[in-house]
Each structure stands twice: as C-alpha cells, then as structure tokens.
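So the structure is just underneath, and the comments pick up after that.
We name chains A, B, ... by the order of the sequence lines, and we start the count at 1 in each one. Below, all heavy atoms of this structure are taken into account, side chains as well, without hydrogens, waters or symmetry copies.
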2 protein chains.
Amino acid sequence: MKIESRKQEIITTAAKLFKEKGYSAVTMRDIAKVMGIKAASLYNHITSKQDILKDIIISLAETFTDKMAAIRNAELSNVEKLKQIIQLHVDITAGNTFGMAALNNDWMHLEDELNYYLELRSNYEKNFRAIIEEGIASEEFSQGNVEVMLFSMLSTLRSLYIWIPKKEDVSPQQLSKDLASVLINGINI
Amino acid sequence: MKIESRKQEIITTAAKLFKEKGYSAVTMRDIAKVMGIKAASLYNHITSKQDILKDIIISLAETFTDKMAAIRNAELSNVEKLKQIIQLHVDITAGNTFGMAALNNDWMHLEDELNYYLELRSNYEKNFRAIIEEGIASEEFSQGNVEVMLFSMLSTLRSLYIWIPKKEDVSPQQLSKDLASVLINGINI
DNA sequence: TAATTAAACTAACAACTGTTAGTTTGGTAG
DNA sequence: CTACCAAACTAACAGTTGTTAGTTTAATTA
C-alpha cells in the first residue's frame, strides 16, 4: 500500500522536527512545509497530530519492553544481560535517533496512551532493577546503592539519542563495548 | 523591592510548569491561573514569556560556568575535581529541580540568548573533558574512550533533575557520595 | 485627608493553531 | 477511452496564543 509509505514519510519528518523543537512547538504547517505540501494534505495520510506522536512513541516503547523481557528471561550471567541491554539501547537509538528523542522528551504529551506508556516504562525499569539486584546477589556486581546504579546507567542510555548523531564515525559495536566498559568498570585505574 | 519578589514568584511558577509540559506547551494563562490572577496581570512584573525563560536558564548556566572554572583552576587532584563537579550538580539541582528541567529541555527556545547559552555549555564541556584528560595523563583514571566517559558522566549529572524529586529522603551529601562511587568505580566487584 | 502606587482587572488585537469540507489533478487499470 | 483513485489543493472554522491599552482597587505614604 502506497499510503503506508507516505504516512511513514510524514512520521519520519515529524519525528525529526519533534527532536529539534519538541512536540508542542511543531505545527502541522511546519511538517507540511518540510514535505513540500499544505497542512491539510497531511490528513489524507494521518488522522491527527496526536496520532503521529503515538505512532512514534508506542512502537519504540513496546520494542524496549519486549526485548527487555527476553533479556531478563535469558540463560545468561547478569553481566552479560547488562551488556545486552546496553547493546539494545545503542542499536535502537542508532537506527532511530529522532524517535528516541520524542520517546524521551514528548511522552507527557500523549493523551489516550499516556497511562499505557507509563506502564511500559515502569515495567522496563523494574526488570532493569531486578537484573542489577540479582547481579549483586550473585556477587557479579559490587554492593552499592542499587537506585543510583540504575539511575546512572539508565540516564546514560536514555541520552544516547543526543550523543550518537554527534559521533557518526563510531560503530554501534564499538560504542556498545566502550559504554559497557565505562558503565561496569567506571573510569578508575 | 516588592516587584522583584512577585516577579520571582512568577518565574518559579513558570519553571514548575515548564518542567511538567515544556516551555511551548505552557501558556501565559496557565501560569496566571496557578497564581490566581489573569494573564494580562503577569505583564505588570515580567516583560514577556521569553524573558521568563531567559531568567531561568541563563542564571543557572552562568553559575555552572563560573563554578566549573573555579574547580578547573583549583589545586586539587583530578579525582577530587571530579567529585566537586558531582557535588556541584547535586547541590544546584537539589536546590532548583524546576529550573534544571528548563535548562535541559527548553534551551532551544531561547531567542536572543541562544548563542550565548551554547557558548557557555560548550565552555563547560571543554573544561569537563580537560579534567578527564588530565586525570588519564596523571594515571588517576584508566585509559579509555574520553568521549564516552564524558558523555556517560554528563548524562547522569544532567538527568539528576528527574531523579532527585523522586528520592526526597536522600541527602545531597549522601547522593554525591554514592554517585561518585558509581561514576568512578563502576558497579563491578 | 490627599496623593501615590503596586498590582490587579476588563476588553480587545492580530496571528496562529489543528482540523474539516469540498474540489482539482494526474497517473493507472479495465 | 473511460473510470478510478491516491494525493494534492483552496477555503474556511472555531479556539487559542502572547501581548497591549486603559481602568479599577486597595493599601501605603506625605
């Protein structure tokens, strides 16, 4: 269906603009202008501005939730699980920095799906926390403030959308490796 | 001057709303409603919406720039400098989570002062990077990807405004300590 | 008491917002 | 050749936006 691909073009364009200025500051006329058409023409393909935001955010959030569940249930050491989480973030973000910006900055503008999104995020964080706790229990990780560990790693991974576009020369593979090194071993000698 | 304190009330209220929905989604009528007055009355105290944003962001950015310069030039080990940077972020953020949210999320909506802000931020990052590089040269820090180290620490520190309000029971002192431990030593055994 | 003044008010503006309705265009399939 | 249809268009809407102008209120000062 051609309508699908045109719709996708609109969503991609919108995500790019949302990253620059945020959902609220982007008008339908802005999106249309970038695409070289009039705002009213957008409605041949999408149903509303809100619908664009939902399409960008929910699919990403569901992907994270699904992959996290797979990692959590895998037969792996907790160190290995952590490395897979890092790779998950790097891979998804490298493939869609614009969408990740919206996920991080514009989720509060979701209307119907806000609670659903919050559930997904809460579920994700719970699994992340559990992996850290299990890693401490198995003496893979040091005893320390679990919340600070979680917060620090999650902040870094969630900020990748800012950083990756500035370092296009770095491969996702190398970045994952370096990130794992810093997040797990710190920076001391 | 009473006008100053009333102006400050407006700025604080605005910052609170900016944190929730972002600068663009907050209207002058929103701010006025929270203060129990009409939107037009705000203009007895402030000159424009843009002026509120500038007041919130620039003062914070200048504080960071000044304190960073002081730390950089201090007679301290690089480990100690890093710990002071961490404490700087924790202290300022704990004292003004709303303003820090605007600093992080709404800087792109600055008009006249956008370039000035970008210079301050660039200067800040340059000093931060230099401390890491000097720490590696003096063998205080491990050899590793400097950009990833910088990015990871900065992402964590910049996200504090999200995290601190959720953990009101933790003292800034304790948080700085735990953060330093995780950022420097990582989470491994 | 009279004058001053900080800080609120009402009313209005021009521009912009997301969205709808109905129409035109140009290429493709029967 | 005709019918169809995706995808653009023009025109318009009702509501919201930041902001200005001029006015009222209530407390303080001279």
Less than 4.5 Å apart, any side-chain heavy atom of [X] and any of [Y]?
X: A/I187; Y: B/M153; result: yes
X: B/Q87; Y: B/K83; result: no
X: A/L120; Y: A/F64; result: no
X: B/Q50; Y: B/L110; result: yes
X: B/I56; Y: B/I11; result: yes
X: A/S138; Y: A/N78; result: yes
X: B/V170; Y: A/E147; result: no
X: B/E9; Y: B/R6; result: yes

Would you list the protein and nucleotides 15-18 of chain C atom pairs, both N or O, that sit under 3.5 Å from each other?
from   : atom 1 : to    : atom 2 : distance (Å)
C/dG18 : OP1    : A/V26 : O      : 3.4
C/dG18 : OP1    : A/K49 : NZ     : 3.1
C/dG18 : OP2    : A/M28 : N      : 2.9
C/dG18 : N7     : A/R29 : NH1    : 2.9
C/dG18 : O6     : A/R29 : NH2    : 3.0

Please tabulate the protein-to-nucleotide N/O contacts below 3.5 Å involving nucleotides 22-27 of chain D, giving atom names and distances.
none

### Message
Tell me whether the side-chain N/O atoms of B/S41 come closer than 4.0 Å to OP1 or OP2 in C/dA7.
### Response
no
### Task
Tell me whether the OP1 or OP2 atom of D/dA8 has a side-chain N or O from A/H45 closer than 4.0 Å.
yes
### Message
So if I take residues 50-58 of chain A and measure heavy-atom distances to DNA chain D, which residues fall below 4.0 Å?
### Response
none
### Message
What residues from residues 15-22 of chain B pass a heavy-atom cutoff of under 4.0 Å to DNA chain D?
### Response
none
Looking at [X] and [Y], would you say the former's side chain and the latter's main chain have a donor-acceptor pair under 3.5 Å?
X: A/N123; Y: A/T65; result: no
X: B/S122; Y: B/L118; result: no
X: B/T63; Y: B/S59; result: yes

### Task
Nearest whole angstrom, please: distance from the P of D/dA7 to the NZ of A/K7.
13 Å
### Whole-Å gap separating C1' (C/dA6) and CD1 (B/I10)
12 Å
### Summary
For B/N185 and B/N188, the nearest pair of non-hydrogen atoms, with its separation, is O-OD1, 3.4 Å
### Task
Classify the angle between the aromatic ring planes of B/W107 and B/Y117 as parallel (below 30°), tilted (30 to 60°) or perpendicular (above 60°).
parallel
### Message
What residues from residues 32-39 of chain B pass a heavy-atom cutoff of under 4.0 Å to DNA chain C?
### Response
B/I37, B/K38
Donor-acceptor pairs under 3.5 angstrom involving side-chain atoms of residues 159-166 of chain B: please list them, not counting sequence neighbours.
from   : atom 1 : to     : atom 2 : distance (Å)
B/S159 : OG     : B/S155 : O      : 2.8
B/Y161 : OH     : B/N105 : OD1    : 3.3
B/Y161 : OH     : B/N105 : ND2    : 3.1

### Task
For the pair A/K54 and A/D51, evaluate salt bridge (Lys or Arg N to Asp or Glu O under 4.0 Å) and give the outcome as yes or no after the intermediate values.
CA-CA 5 Å; A/K54 185 198 70 185; A/D51 191 52; 3.1 Å; yes
